[in-house]
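For ligands, and for the atoms within them, numbers begin at 1 and follow the listed sequence. Computed from a predicted structure; not experimentally measured.
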Amino acid sequence: MYAKPFEPSYEYACQCDRYDELASFQHEFYKKDGTIYLDGNSLGLLSKRAEKSLLTLLDSWKQSGIDGWTEGEHPWYFLSEQLGELSAPLIGATPEEVIVTGSTTTNLHQVVATFYEPKEGKTKILADELTFPSDIYALQSQIRLKGLDPAQHLVQVKSRDGRTLNEEDIIAAMTEDIALIVLPAVLYRSGQILNMKLLTEEAHKRGIHIGFDLCHSIGSIPHHFEEWDVDFAVWCNYKYLNAGPGGVGGLYVNKKHFNRLPGLAGWFGSRKDKQFDMEHELTPAEHAGAYQIGTPHVLSVAPLIGSLEIFKEAGIDRLRQKSLHITRYMINLINYELKDMDFILGNPLEDEKRGGHIYLEHKEAARICKALKANGVIPDFRAPNGIRLAPVALYNTYEEVWNAVRILKKIMVEEEYKQFENKREVVA
Ligand SMILES: *Cc1c(COP(=O)(O)O)cnc(C)c1O
């Protein structure tokens with residue numbers, strides 16, 4: 001990384017790019033000319049390697065038909081486990097603790113169905129008021145399935161500032177009636193990283209199981225689950241992991257829980273050698289594979305094969321180093337160029353609390369985002385007033401960040417955003 005202190009000049013941005021040891025990876029991605037893509041935290045870009053692995057699996061279907069399950073370069077029957085093994089270093093887990101399956105929401109249903117065991121006086125699930133809606137819907141419905149009322153049994157820790165959570169508040173909410181805790185690793189709006197080590201320690205002191213949603217953290221920051229002893233986690237692979245729209249998700253279960261029957265069982269949770277015995281009694285796999293349900297979505301998982309190769313080469317620690325440097329750079333540039341324009345930087349500034357994206361608040365955010373898009377900068381709008389900008393370590397450059405901030409400044413100075421309606425699109 002370029003060590004010289006920040007300067008707002010174009011030359012400084014170019015110098016940072018020259019010192020970027022991950023620079024070669026950007027050429028592996030399909031980046032559209034004239035576009036600055038800053039939405040990799042919502043949907044990562046396609047890489048040539050992900051495209052290749054998708055085409056390889058498509059071809060295995062073409063060539064082998066049903067035999068593709070056991071033959072070819074990537075036999076489909078073992079793919080979910082193999083990809084779990086390749087994902088494990090990203091979260092500091094052992095290979096058998098990770099399986100690539102389902103989606104974030106279905107995997108959350110699975111782990112909650114598996115770990116939520118309300119008992120007399122210990123019936124509640126602890127979450128937070130800033131988390132992603134789908135997670136809350138899943139928790140509410142799991143509570144209802146137990147015959148309980150979510151209004152009574154789902155506790156959502158409040159935010160003091162509407163952007164971030166205080167670990168102390170979360171710990172204070174770990175009362176005797178809490179049976180299970182589910183929290184985001186990185187908050188989807190402000191990008192705040194929660195202290196997973198501390199929260200897990202505190203939950204375990206009170207005999208509560210705790211798990212995290214890694215949608216905005218996996219592929220962006222390192223995790224040390226083995227050391228932290230986290231009980232379970234779920235994530236999608238289409239954000240920082242670039243596995244494509246609707247790409248198959250991931251699930252982690254701590255090996256100390258491998259004896260737990262899956263809350264939602266299906267034949268793909270079987271021990272592999274037993275699955276085709278077709279017995280009516282499930283013999284669960286003795287690893288995270290037990291928490292699979294049905295037939296893997298082979299074509300939707302295929303791009304992840306190529307994508308994880310890239311992560312293996314780049315290394316999550318180096319990616320985090322660049323991510324910290326380039327987000328810091330973006331913050332400095334925004335502070336320098338966009339003063340007095342009513343923007344509020346809503347993301348944490350400290351390195352240990354800042355995830356992979358920048359969160360800008362502005363009352364005109366919806367139409368500022370439309371103006372950015374019209375100028376070839378792809379941000380991500382979050383109602384009512386949030387602009388997320390993700391300079392992704394694998395494929396974004398400092399020069400792109402410099403240009404994006406310059407364009408944003410122009411939109412504000414020339415009031416170009418006023419040509420647009422301040423209202424979100426169907427997909428924001
Ligand atoms: C992206 C995201 C989801 C999406 O869940 P899907 O099941 O993949 O649709 C859920 N939760 C969080 C926190 C997310 O960031």
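Using a 4.0 Å cut-off to heavy atoms of Tyr238, the atoms of ligand 1 that qualify are 1 (C), 4 (C), 5 (O), 6 (P), 8 (O), 9 (O). Near Ser103, the atoms of ligand 1 lying under 4.0 angstrom from a non-hydrogen atom of the residue are 7 (O). Near His216, with a cut-off below 4.0 Å to any heavy atom, the atoms of ligand 1 are 15 (O). If you number the atoms of ligand 1 from 1 as listed, the ones under 4.0 Å from a heavy atom of Lys239 come out as 1 (C), 2 (C), 3 (C), 14 (C), 15 (O).
Trp69 pairs with exactly one of Phe78, Phe276, Trp76, Trp61 by the ring pair (Phe, Tyr, Trp, His ring centres under 6.0 Å) rule, that one being Trp76. Of the candidates Ile143, Asp177, Ile125, His153 forms a side chain to side chain contact (heavy atoms under 4.5 Å, CB included) with just one, namely Ile143.
The N/O atoms of Tyr188, backbone and side chain alike, include none that comes under 3.5 Å of an N/O atom in ligand 1. Looking at Thr131 next to ligand 1, no N or O pair under 3.5 Å apart turns up.
Looking only at atom types and distance, the side chain of Ser47 has no donor-acceptor partner in the side chain of Asn242 under 3.5 Å away.
Counting protein heavy atoms only, atom 3 (C) of ligand 1 is closest to Phe132 CE2, 3.5 Å. Looking only at heavy atoms of the protein, atom 11 (N) of ligand 1 is closest to Asp135 OD1, 2.8 Å.
Residue-level proximity to ligand 1 for Asp213 is carried by the side chain, the only part with a heavy atom below 4.0 angstrom. At a heavy-atom distance under 4.0 Å, no atom of Thr106 approaches ligand 1.
A side chain to side chain donor-acceptor pair (under 3.5 Å) check over residues 293-306, counting only residues at least two apart or in different chains, returns nothing.
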Only pairs under 3.5 Å count here: list side-chain donor-acceptor contacts from residues 305-312, not counting sequence neighbours, and write none if there are none.
unit_1 : atom_1 : unit_2 : atom_2 : d
Ser307 : OG     : Leu241 : O      : 2.5
Glu309 : OE1    : Arg49  : NH1    : 3.1

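Tyr30 carries Lys48 over the face of its six-membered ring, with the cationic atom under 6.0 Å from the centre and within 45° of the normal. Taking the ring axis of Tyr77 as reference, the NZ or CZ atom of Lys272 stays within 45° of it and closer than 6.0 Å to the ring centre.
With distances taken over non-hydrogen atoms, the option nearest atom 7 (O) of ligand 1 out of Ile136, Asn41, Thr105, Leu187 is Thr105.
Between His216 and Tyr240, the ring planes are perpendicular. Angles over 60° get that label, and only those under 30° would be called parallel.
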